[in-house]
Amino acid sequence: MAPRKFLSSNNSNAPRVIYWFRTDLRLHDSPALHAALDLKPSVLYPIWTWDPHYVYRARVGQNRFQFLIDCQNDVSSSLTKLNPKQKLLVIREAPQTLIPKLIKEWRITHLVFEKDTDAYARSRDKEVINAAEEAGVKVIIKSGRTLWDSDEVVKQNGGKPTMSMTQLEAAGKKVGDIANPLPTPKKLPDPGDTKLSFDQNIPVSSPDFSKDYREGEEKSYKYGLSGPNKDFGVPTLEELGLQKATTPHKGGESQALSILDTVTNDAQYTATFEKPKTSPAAFDPQSTCLTSPHLHFGSLSVREFWWRVQKVLDGYKGTPSQPPTSLHGQLLFRDMYFGAQAALGWQFGQTYDNSHCRFVPWHLPSKVDLKTGLITGEYEVDDKQAEEYFIRWREGRTGFPWIDALMRQLRQEGWIHHLGRHSVACFLTRGGCYVSWERGAEVFEELLIDHEAACNIGNWQWLSCTAFFSQFYRCYSPVAFGQKWDKEGNFIRRYVPELKDVPAKYIYEPWKTPIADQKKAKVQIKGDGSTEKDGDVKLYPKPMLDFNHQRQVCIDGMKAAYDVKLYGNSKEVKDGTWSKLFDDHGEGLTQGTKGGPGGTMGEHEDATGHEEGEPHSTKTPNGNSSVKAKGSGGAAGGGKREQGQGTLDGSVKRMKNE
DNA sequence: GCCCCGGTTGGGTCT
DNA sequence: GAGACCCAACCGGGG
């Protein structure tokens, strides 16, 4: 970070400042924005760099893009309200190349932005900072995304990732008090001349991991730096070639602050909130306040949230709930995951080479680029059955209505309740399909409007019992857990409409519905869900697996994996000899040597030239192939996503032909 | 090193 | 319907 030398205000060369908006799309409580205004700039350029990484490589479905666009429009109109000459300047180019050119063109003296500890953001920002400093520009970076600066938290945790609430709370205490929110600025300086005389760097659009969500031509970089209207306007989904968003949830700081008002005006709700007691089956309205996407985009400050809740607690006469289940507890968990990610970097988002992620020989393991040590976005199909489980899980046609309703709500609305996420994540990994948590994390990354890399990765590790949590014998039932919350199955009737007239007695287990009742409900329980109708009769699939049997298979597998005590960075995981440590040599669950990182190396060597000397070179003898997940770029927010080869469709076709 | 306890959110059975 | 207890047994943290 650059030394923070402030120029004196009587300097005739008053600061010319770029304020770079990122995951801080708000004007309230923004330490970085205050730092920019404290410079008393003569001109202030509020910019957003339309980063091709976000457009093509990160997996962002149309719902999250829409939420981002909402946030950008809202912040832009707030800027205009403070100064009619101001607005958000959205510039279509990667920041690494764009910002150095802007510095020159606009004679910039200071670059100011909020710290981002995500793995990609760190590498991107390093390049930008270096280029800016080389150009003689002061770079000012302020922490503002979390309760405490995540790097400070890590430092106070002995340089280690925060892997428990105890560690986070102890480290946070040492860092100091949670900062009080800063007020929204009352005025803004003018922007300078926005003329751009340089050429636009057109990014490489391939691989395009959002391509499955596009219906029209992707035109993000087609109209030059300032967009189709030459006005630096916020892009539209049409410009991105994306399908229309289906989420009912709206982005923007105004929306976020209004939700916060509603929540904190209800002192009883705010003070006695206990997450495990909120229902995952509630909809319209849901049982929680849906601030998570606003925290992700920064349209809501987490410290504003903290202190507004504290104010309610201060005035509350009854017995308030406590962390970790209280509202404060939820915010603390977020900081815990940020503290884990800040310490571990790219490796946090994958099993391979992750010192804090337990090795389990899951099905469909990620492929690894041995040069970088990072996962590539492709995965190994070690088992055809597991691949089918995964596809049916992702598409919401497992034959378990509770799971399918949640997965369909996720796809439509971009949000499901935390406990719903627990249900589907447990089912995919340790409590059903025995598929790698990295596959599930990638699907969530695509579909969630509140996708926060640190929290998503952390929660998937939690649920799969590979980090943070280890009681794998506590397993969610795809039938009983939903029933506990919603006896009548109204949630299922809403999101799996083909079952809407099935009697409550069978709604969680429709395969038990007598034929006469199926006829009355105008649905037939048949097939695998790939066909919606048989003539005029709606179809809903039979369950794709015997849950009670699979639960035992998974628990036995987890026990074996815990017994061998391997982590992602263990020698045996990295050199592929891990399978020797399992009684069945990994033959049982993993179908032999094809599973796990060791199994991926053989395939990978072909691509990277590491032909010889690598142990455990393994081909796929029965013709299974490596595939890239649909719309996936890998890495659960972690990997570099540079390699993209086969397609899922290809693999499905191959499977059908066999 | 050992023991004990607690761990945001399990399920099933019994009283 | 709520609460106690068991199931089989994980980890980390504190004494």
Side-chain angles (χ1 to χ4, degrees), chain A residues 157-158 160-171 173 270-282 286-289 292 309 319-337 339-340 355-360 400 402-403 406 416-432 437 455 458-488 491 508-509 546-567:
Chain A
N157 193 44
K160 298 195 176 90
T162 43
M163 301 304 288
S164 72
M165 200 51 142
T166 316
Q167 289 174 11
L168 184 270
E169 287 186 296
K173 216 170 178 180
T270 299
T272 63
F273 182 93
E274 289 180 83
K275 189 62 160 277
K277 292 191 180 163
T278 59
S279 170
Q286 68 284 341
S287 60
T288 53
C289 43
S292 51
V309 169
T319 311
S321 54
Q322 297 292 323
T325 56
S326 64
L327 278 178
H328 274 174
Q330 307 313 301
L331 304 181
L332 290 167
F333 270 112
R334 183 172 173 272
D335 262 49
M336 178 186 82
Y337 289 134
S355 54
H356 287 69
C357 182
R358 190 177 288 275
F359 172 74
V360 174
F400 292 95
W402 172 247
I403 300 295
L406 287 161
I416 47 179
H417 185 278
H418 189 61
L419 290 178
R421 301 183 197 198
H422 277 216
S423 278
V424 299
C426 181
F427 185 81
L428 182 70
T429 59
R430 66 179 169 87
W437 64 266
C455 301
N459 277 319
W460 273 94
Q461 291 178 0
W462 183 300
L463 261 299
S464 62
C465 290
T466 48
F468 300 102
F469 183 74
S470 51
Q471 291 159 270
F472 54 75
Y473 46 87
R474 289 197 176 171
C475 182
Y476 290 85
S477 158
V479 173
F481 187 71
Q483 274 172 335
K484 192 166 80 182
W485 298 100
D486 179 15
K487 283 264 175 307
E488 293 300 310
F491 179 76
Y508 285 87
E509 300 170 285
D546 175 343
F547 175 71
N548 287 329
H549 175 253
Q550 275 298 114
R551 174 173 52 192
Q552 201 51 54
V553 167
C554 287
I555 288 178
D556 292 348
M558 293 302 287
K559 174 110 181 66
Y562 269 69
D563 281 347
V564 302
K565 294 186 173 61
L566 293 176
Y567 285 81

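F427(A) and F547(A) have parallel rings, their planes meeting at less than 30° on a 0 to 90° scale where 60° marks the start of perpendicular. Between Y476(A) and F481(A), the ring planes are perpendicular. Angles over 60° get that label, and only those under 30° would be called parallel.
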Set out, line by line, the N/O atom pairs under 3.5 Å between protein and nucleotides 9-15 of chain C.
unit_1: dC10(C); atom_1: O2; unit_2: S470(A); atom_2: OG; d: 3.2
unit_1: dC11(C); atom_1: O4'; unit_2: S470(A); atom_2: OG; d: 3.0
unit_1: dG13(C); atom_1: OP1; unit_2: Q167(A); atom_2: NE2; d: 2.7

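Using modelled atom types, one finds no donor on one side chain facing an acceptor on the other under 3.5 Å when comparing T288(A) with H417(A). Side chain to side chain, D556(A) and Q552(A) meet the donor-acceptor criterion of an N or O pair below 3.5 Å.
Helical stems involving DNA chain B, defined as 3 or more consecutive Watson-Crick or G-U pairs under 3.5 Å, span B:2-7 with C:10-15, B:10-15 with C:2-7.
In this structure, F468(A) atom CZ and dG6(B) atom C1' are separated by 18 Å, rounded to whole Å. In this structure, CZ of F427(A) is placed 18 Å from P of dG10(B), rounded to the nearest angstrom. dG1(C) atom C1' lies 14 Å from atom NZ of K484(A), rounded to whole Å. Between the P atom of dC7(C) and the CG atom of N548(A) lies a distance of 19 Å, rounded to the nearest Å. Separating the NZ atom of K277(A) from the C1' atom of dT8(B) is a distance of 11 Å, rounded to the nearest angstrom. Rounded to whole Å, atom P of dG11(B) lies 10 Å from atom CZ of R430(A). Taking atom CD of Q322(A) as the reference point, atom C1' of dG7(B) lies 16 Å away to the nearest angstrom. dG10(B) atom P lies 16 Å from atom CE of M558(A), rounded to whole Å.
Comparing dC7(C) with dT8(B), their P atoms are spaced 24 Å from each other, to the whole Å. Taking atom P in both dC5(B) and dC6(C), one finds a spacing of 15 Å when rounded to whole Å. With both ends at atom C1', the span from dC4(B) to dA9(C) equals 15 Å, rounded to whole Å.
In this structure, F481(A) reaches the sugar-phosphate backbone alone: every heavy-atom distance under 4.0 Å involves primed, P, OP1 or OP2 atoms, never a base. Within the nucleic acid shown, W462(A) comes within 4.0 Å of at least one base atom, counting heavy atoms only.
Between the side chain of T325(A) and the backbone N or O of Q322(A) there is at least one donor-acceptor pair closer than 3.5 Å. Between the T270(A) side chain and the V309(A) main chain, no donor and acceptor come within less than 3.5 Å of each other. N459(A) contributes a side-chain N or O that, together with a main-chain N or O of C455(A), makes up a donor-acceptor pair within less than 3.5 Å. Listed for the T162(A) side chain is no donor-acceptor partner under 3.5 Å among the backbone atoms of L168(A).
Residues satisfying the ring-ring contact (aromatic ring centres under 6.0 Å, His included) test with F472(A), not counting sequence neighbours, are Y562(A).
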